[in-house]
Amino acid sequence: MLLALGVLAVGVFGATTATGPAVLGSVRVSSGAAAPATVQGDWEAKLEPKPKPEPEPKPTTPKPTTPKPTTPKPTTPKPTTPKPATPEPEPEPEPEPKSATPPAAPQITHPSSFLVADAIVPSVPLFDAPDRPRADGRVMDNPTWEGLAVVFLVKEQRPGWMRVQVSARPNGLEAWVRESDVALRQVPNWIRVELGARRATVYHADTPLLQTTVAVGRPSAPTPTGGYFVDGIVRLAGNGPYGVAQMSISAFSDIYQRFGGGVGQIALHGTNAPGLLGQAVSHGCVRFDNAAITRMLELAPPGTPVEILP
């Protein structure tokens, strides 16, 4: 815009008009001869000597006058300095329209610890609400049929009671238990499994501590997504399909009600076929290489939350 205004200014203020040479004036030449005089008077009869005629005046021819040529002075046009273009003022930005939707709340970070409840009685009754037993009379035997201690992930506390997530079907089952039936403790970390990325990460709050490539459930037996927790750890010899260890979680297969002599429960475990990591080849479990699952035994004790994403 400034360049266009500059060119316009030169076109307007830089034009000059040259003055041409002066035109020579013309000189009028006139004769100076006088008209002949006329003599008036009476002639007498007597002879008188004739008066000598007066000599006629000789005509005088005026000398021609040659006008001196005049040389016109050249006129030098005065240079004109174009006035600098005045930039146009930039338009003020229009105010952004106010949104009727309030801004989203800042993302809440994960806590640095989680509350876990371990069963301390042989059988833990489950309640639909404080002092209201389940209609089916369901209880959790301690230890489990696999010989593992019963553990719950605590969701809410009230005097004498707590709402917990239970490792049982259906996935995500919650119930109330008596505070006197459990002992409380804290776990420091949590686990995220990303099925599409074939990746598992252990976090402390929002800081990653371990990240590794995993194998996940095949399309015909997908790994169930959702929020779970580690409910038991078993160390193995290391030369079988489950590698050196398995960490069972509170998730159960949507395809298998029973599998390999068990109840179709999902586990995070090692493998004796590391070449298959990064693929969707399992029956629903999440496979790790043996070094990664060994490290996870230290970072993720029973009760550690597990988040499985698509």
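Treat the numbers as computed from the prediction; the structure is a model and nothing was measured.
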Exercise: identify the closest heavy-atom pair between [X] and [Y]:
{"X": "Gly261", "Y": "Trp145", "value": "O-CH2, 3.9 Å"}
{"X": "Phe252", "Y": "Val263", "value": "CE2-CG2, 3.8 Å"}
{"X": "Ala221", "Y": "Ile255", "value": "CA-CG1, 3.9 Å"}
{"X": "Ser167", "Y": "Ser250", "value": "OG-CA, 3.5 Å"}
{"X": "Trp176", "Y": "Ala129", "value": "CD1-CA, 3.5 Å"}
{"X": "Ala200", "Y": "Val214", "value": "CB-CG1, 3.8 Å"}

Would you kindly confirm whether [X] and [Y] end up in one hydrophobic cluster when ILVMFWY residues are joined by side chain heavy atoms under 4.5 Å apart?
{"X": "Ile266", "Y": "Leu148", "answer": "no"}
{"X": "Val281", "Y": "Ile293", "answer": "no"}
{"X": "Val164", "Y": "Val150", "answer": "yes"}
{"X": "Val193", "Y": "Val202", "answer": "yes"}
{"X": "Leu195", "Y": "Ile249", "answer": "yes"}

Against Glu174, only a single residue in Lys155, Gln165, Arg163 fulfils side-chain hydrogen bond (donor to acceptor under 3.5 Å, both in side chains); can you say which?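 Going through Lys155, Gln165, Arg163 one by one, the side-chain hydrogen bond (donor to acceptor under 3.5 Å, both in side chains) with Glu174 is satisfied by Arg163 alone.
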
I want to check something: taking the side chain as every heavy atom from C-beta on, are [X] and [Y] in contact at a cut-off of under 4.5 Å?
{"X": "Asp254", "Y": "Asn171", "answer": "yes"}
{"X": "Phe152", "Y": "Met162", "answer": "no"}
{"X": "Tyr203", "Y": "His110", "answer": "no"}
{"X": "Val121", "Y": "Ser180", "answer": "no"}
{"X": "Leu236", "Y": "Val244", "answer": "no"}
{"X": "Phe127", "Y": "Trp161", "answer": "yes"}
{"X": "Leu184", "Y": "Gln157", "answer": "yes"}
{"X": "Val116", "Y": "Gln186", "answer": "no"}

Rounded to the nearest 0.5 Å, how far apart are [atom1] of [X] and [atom2] of [Y]?
{"X": "Asn290", "Y": "Thr271", "atom1": "CG", "atom2": "OG1", "result": "7.0 Å"}
{"X": "Arg199", "Y": "Thr213", "atom1": "CZ", "atom2": "OG1", "result": "8.5 Å"}
{"X": "Ser220", "Y": "His283", "atom1": "OG", "atom2": "NE2", "result": "7.0 Å"}
{"X": "Arg235", "Y": "Ile233", "atom1": "CZ", "atom2": "CD1", "result": "7.5 Å"}
{"X": "Arg178", "Y": "Asp131", "atom1": "CZ", "atom2": "CG", "result": "8.5 Å"}
{"X": "Gln265", "Y": "Gln246", "atom1": "CD", "atom2": "CD", "result": "9.0 Å"}

Closer than 3.5 angstrom, by distance alone: can the side chain of [X] be matched with the main-chain N or O of [Y] as a donor-acceptor pair?
{"X": "His269", "Y": "Gly243", "answer": "no"}
{"X": "Ser113", "Y": "Val187", "answer": "no"}
{"X": "Ser282", "Y": "Val216", "answer": "yes"}
{"X": "Tyr242", "Y": "Asn239", "answer": "no"}
{"X": "Trp190", "Y": "Ala205", "answer": "yes"}

Applying side chain to side chain contact (heavy atoms under 4.5 Å, CB included) to Val151 and Arg185, what does each step give before you reach the verdict? CA-CA 11 Å; Val151 60; Arg185 60 184 170 87; 3.9 Å; yes

Could you pull out all donor-acceptor pairs under 3.5 Å where a side-chain atom in residues 295-310 meets a protein atom, sequence neighbours excluded?
residue	atom	partner	partner atom	Å
Arg295	NH1	Glu298	OE1	2.7
Thr304	OG1	Pro301	O	2.7
Glu307	OE1	Arg192	NE	2.7
Glu307	OE1	Arg192	NH2	3.2

Test of understanding: with salt bridge (Lys or Arg N to Asp or Glu O under 4.0 Å), list the residues that count as partners of Arg218, not counting sequence neighbours.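 Per chain and number, Arg218 pairs via salt bridge (Lys or Arg N to Asp or Glu O under 4.0 Å) with no residue.
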
Carboxylate-amine/guanidinium contact Arg138 Asp136, below 4.0 Å
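A salt bridge is absent here (no side-chain N lies under 4.0 Å from a carboxylate O).
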
